[in-house]
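First comes the structure, then the notes that go with it.
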Amino acid sequence: QVQLVESGGGSVQAGGSLRLSCAASGSTYATYYMSMGWFRQAPGNEREGVAAIGTDGATTYADSVKGRFTISKDNANYTLYLQMNSLKPEDTAMYYCAATFKVLRGRLDRDAYNYWGQGTQVTVSS
């Protein structure tokens with residue numbers, strides 16, 4: 001079992017930056033073998049993939065965040081990060097961390113993941 005806890009959310013003005021963290025606990029030795037991702041969900045919308053990282057460190061991003069967001073994983077400290085720059089009001093959402101052993105490559109589809117955190121709120125004002 002793996003538990004995921006997100007932190008780092010908050011309120012920021014458009015153009016600002018935030019760094020989200022996701023701490024993994026439980027079978028932490030396995031984080032090295034997990035693909036992980038960040039998802040977000042705004043009120044009334046479906047949960048969408050934002051960024052993902054595979055076991056080899058390869059990354060993939062949604063078109064809406066390319067060039068602005070960076071995902072990274074610190075296997076030694078069992079932590080996933082999402083650096084968000086040039087934030088826009090449309091980035092406002094609850095952000096969730098996810099992990100899986102089922103695939104090696106980072107994926108942006110929800111079905112690939114079986115471990116989820118509780119979420120951290122990001123609010124961007126104009």
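The side-chain heavy atoms of Met84 and Leu20, taken from C-beta on, include a pair separated by under 4.5 Å. Side-chain contact between Trp116 and Arg110 is present, with at least one heavy-atom pair separated by less than 4.5 Å. Looking at Glu6 and Tyr95, their side chains never come closer than 4.5 Å, going by heavy atoms from C-beta outward. Counting heavy atoms from C-beta on, the side chains of Leu104 and Asp56 never come closer than 4.5 Å.
One finds the OG atom of Ser64 at 7.0 Å from the CG atom of Asp91 (value rounded to the nearest 0.5 Å). Taking OG1 from Thr100 and CG from Asn114, the interatomic distance works out to 4.5 Å, rounded to the nearest 0.5 Å. The OG atom of Ser17 lies 6.0 Å from the CD atom of Gln83; values are rounded to the nearest 0.5 Å. Expressed to the nearest 0.5 Å, how far CG of Asn85 lies from OG1 of Thr70 amounts to 6.5 Å. With values rounded to the nearest 0.5 angstrom, Lys73 atom NZ is found 7.0 Å from Thr55 atom OG1. Taking CG from Asp109 and CZ from Phe39, the interatomic distance works out to 6.5 Å, rounded to the nearest 0.5 Å.
A continuous path of hydrophobic side-chain contacts links Val122 to Leu80 [ILVMFWY only; heavy atoms under 4.5 Å]. In the hydrophobic cluster analysis, where Ile, Leu, Val, Met, Phe, Trp and Tyr join through side-chain heavy atoms closer than 4.5 angstrom, Met34 is grouped together with Val50.
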Worked check of side chain to side chain contact (heavy atoms under 4.5 Å, CB included) between Leu87 and Phe69: CA-CA 9 Å; Leu87 283 161; Phe69 290 11; 3.8 Å; yes
Test log, rule side chain to side chain contact (heavy atoms under 4.5 Å, CB included), inputs Cys97 and Trp38: CA-CA 5 Å; Cys97 171; Trp38 287 99; 4.0 Å; yes
Set out, in order, the CA-CA distance, both residues' side-chain angles and the distance that settles side chain to side chain contact (heavy atoms under 4.5 Å, CB included) for Tyr115 and Met36, then state yes or no. CA-CA 9 Å; Tyr115 299 106; Met36 301 184 75; over 6 Å; no
Step-by-step side chain to side chain contact (heavy atoms under 4.5 Å, CB included) determination, Arg40 to Leu82: CA-CA 12 Å; Arg40 66 187 181 187; Leu82 184 68; over 6 Å; no
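Closest non-hydrogen pair, Ala14 versus Ser126, comes out as CB-CA, 4.3 Å. The minimum heavy-atom distance linking Ala62 with Gly49 is given by the pair CB-O, 3.5 Å. Considering every non-hydrogen atom in both Pro89 and Ser125, the closest pair reads CG-C, 4.5 Å. Minimum heavy-atom separation, Ala24 to Val2: CB-CG1, 4.4 Å. Of all the heavy atoms in Gly8 and Leu18, the pair that sits closest is O-CD2, 3.9 Å. Heavy atoms only, all atoms of each residue included: Thr92 and Gln121 are closest at CG2-NE2, 4.1 Å.
Proximity of a side-chain donor or acceptor of Thr60 to a complementary backbone N or O of Gly106 within less than 3.5 Å is not detected.
Annotation: cation-pi pair Arg107/Tyr113 absent, no NZ/CZ under 6.0 Å from the ring centroid and within 45° of its normal.
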